[in-house]
There are 2 protein chains.
Amino acid sequence: MATEELLQKALDAIGEPDSPLIKEVFDRLVTTDLPDRPMSVQEVADLLDASPHTLRYYERIGLIEVDRDASGYRTYDTDAVRRLVFLTRMRLSGMPIRDLQHYVSLVDQGEGTVPERLEMLLEHRDTIRRQIRQLTLSLAATEYKIATYGGETAP
Amino acid sequence: MATEELLQKALDAIGEPDSPLIKEVFDRLVTTDLPDRPMSVQEVADLLDASPHTLRYYERIGLIEVDRDASGYRTYDTDAVRRLVFLTRMRLSGMPIRDLQHYVSLVDQGEGTVPERLEMLLEHRDTIRRQIRQLTLSLAATEYKIATYGGETAP
DNA sequence: CTAGAGCTTTGAGCGCGCTCCAAGGCAAGC
DNA sequence: GCTTGCCTTGGAGCGCGCTCAAAGCTCTAG
């Protein structure tokens with residue numbers, strides 16, 4: 001199944017969030033396209049559309065631990081890459097670095113912190129929803145302006 | 001017609017962007033709830049959910065000109081408020097201050113710059129759409145995590 | 001009349017999230 | 001062997017968008 005297709009399924013599933021497909025679809029989305037060999041900092045950066053600087057920065061501030069090869073070069077195993085996928089996803093949706101640091105510290109403290117992690121995620125979910133609502137309004141306002149300027153309507 | 005209702009109509013209209021309702025609905029959305037007396041900086045700040053500091057800053061950097069009353073206090077007329085509504089909408093959807101300055105300078109240069117303004121708006125529309133897409137993916141990822149933690153599914 | 005809150009200005013300060021610099025090591029090609 | 005380019009580290013620098021400080025004026029309540 002192609003990534004695009006999975007993505008579309010996932011997006012569809014959001015419309016009906018009770019669908020048991022969500023977990024399955026995302027399990028595959030998340031694990032797809034990750035080579036199971038260790039990756040270099042540049043490779044991961046390309047994968048995440050980030051800069052190597054940023055990945056090193058995330059490591060420095062304790063968001064992730066990364067192994068080194070015999071020469072001292074970073075080697076990102078699958079778990080590390082998966083964590084970075086999650087981290088960048090959260091960053092892209094506006095979660096502050098500070099919160100991510102807290103989240104990661106909760107993960108490090110073990111299963112007992114699952115309720116607090118869950119609480120964070122629920123709050124963040126609301127934040128994302130608010131953002132989407134705001135953006136939708138901004139999109140409408142932009143469409144409106146475009147219309148007043150006689151621009152093309154949306155395709 | 002209540003603002004909430006207008007808003008819903010507007011959101012619906014986005015689904016079918018060719019609808020001639022968009023302009024009408026937003027005309028009313030934009031002009032609704034604006035008292036036609038001049039407003040103080042604090043009043044406008046409350047209206048826009050911004051700080052007076054921010055409004056003064058926008059003025060300082062040339063995004064808007066604001067009248068003064070006999071005592072030297074800022075008085076925002078309807079046009080000024082409407083411009084600020086637009087500016088904050090664009091800011092909320094991530095348009096950089098620098099671009100807004102350019103846009104405003106185009107407005108100041110008159111009707112001849114309409115094509116370039118239109119171009120900016122079309123580009124920004126795409127940017128907003130990309131953001132919404134990104135946020136939708138982040139929302140899905142968050143839902144997924146919530147599900148793995150056994151949290152409630154979306155209401 | 002006076003206290004206190006809010007307004008004015010210019011200029012400086014700050015939090016965030018990178019982003020880059022300097023000095024040096026490792027790997028691959030000529 | 002040497003060059004070229006990416007890697008390492010710690011620390012410094014930076015762009016953005018506010019946000020606040022200082023010094024002084026104005027309005028309102030008591």
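A, B, ... follow the sequence lines: proteins, then strands. Residue 1 opens every chain.
Both A/Ala70 and A/Tyr58 sit near DNA chain C, but only A/Tyr58 has its closest nucleotide nearer the 5' end. Between B/Tyr57 and A/Glu59, the residue anchored closer to the 5' end of DNA chain D is A/Glu59, taking for each the nucleotide with the nearest heavy atom.
Rounded to a whole Å, the CG atom of A/Asp99 is 10 Å from the P atom of C/dC16. The CD1-P distance, from B/Ile61 to D/dG15, rounds to 16 Å in whole Å. Atom pair B/His53:NE2 and D/dC20:P shows a separation of 5 Å (rounding to whole Å applied). Atom C1' of nucleotide C/dG17 and atom CE of A/Met90 are separated by 18 Å, given to the nearest angstrom. Protein atom CZ of A/Arg98 is 13 Å distant from nucleotide atom C1' of C/dC14, rounded to whole Å. Protein atom CZ of A/Arg68 is 10 Å distant from nucleotide atom C1' of D/dC7, rounded to whole Å. Atom-to-atom, CD of B/Gln101 to C1' of D/dG15 comes out at 13 Å; the value is rounded to the nearest Å. For B/Leu55 and D/dC18, the CG to P distance is 10 Å, given to the nearest whole Å.
For D/dT8, the OP1/OP2 oxygens have no side-chain nitrogen or oxygen of A/Ser71 closer than 4.0 Å. Within the structure, a side-chain polar atom (N or O) of B/Arg91 is placed less than 4.0 Å from OP1 or OP2 of D/dC18.
Counting any heavy atom pair closer than 4.0 Å across all strands shown, B/Arg60 reaches a base atom.
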Start with the C-alpha distance between B/Leu63 and B/Tyr57, add both sets of side-chain angles, then the distance that settles side chain to side chain contact (heavy atoms under 4.5 Å, CB included), and finish with yes or no.
CA-CA 9 Å; B/Leu63 287 184; B/Tyr57 169 67; over 6 Å; no
Side chain to side chain contact (heavy atoms under 4.5 Å, CB included) between B/Arg83 and B/Asp79: does it pass, once the steps are laid out?
CA-CA 6 Å; B/Arg83 175 175 277 202; B/Asp79 279 353; over 6 Å; no
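Residue B/Arg68 places its CZ atom among more than 12 non-hydrogen atoms of other residues, nucleotides or ligands, all under 6.0 Å distant.
Distance check: B/Arg91 CZ to A/Ser138 OG gives 11.0 Å after rounding to the nearest 0.5 Å. Of the inter-residue distances, the one linking A/Arg125 atom CZ with B/Thr142 atom OG1 reads 9.0 Å to the nearest 0.5 angstrom. Summarising the geometry, atom CD belonging to B/Gln131 is positioned 11.0 Å from atom CD1 belonging to A/Ile132; distances are rounded to the nearest 0.5 Å.
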Dump every N/O contact between nucleotides 2-7 of chain C and the protein below 3.5 Å, one line per pair.
unit_1 : atom_1 : unit_2  : atom_2 : d
C/dG6  : N2     : B/Tyr73 : OH     : 2.9

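Nearest heavy atoms, B/Val41 versus B/Leu55: O-CD1, 3.6 Å.
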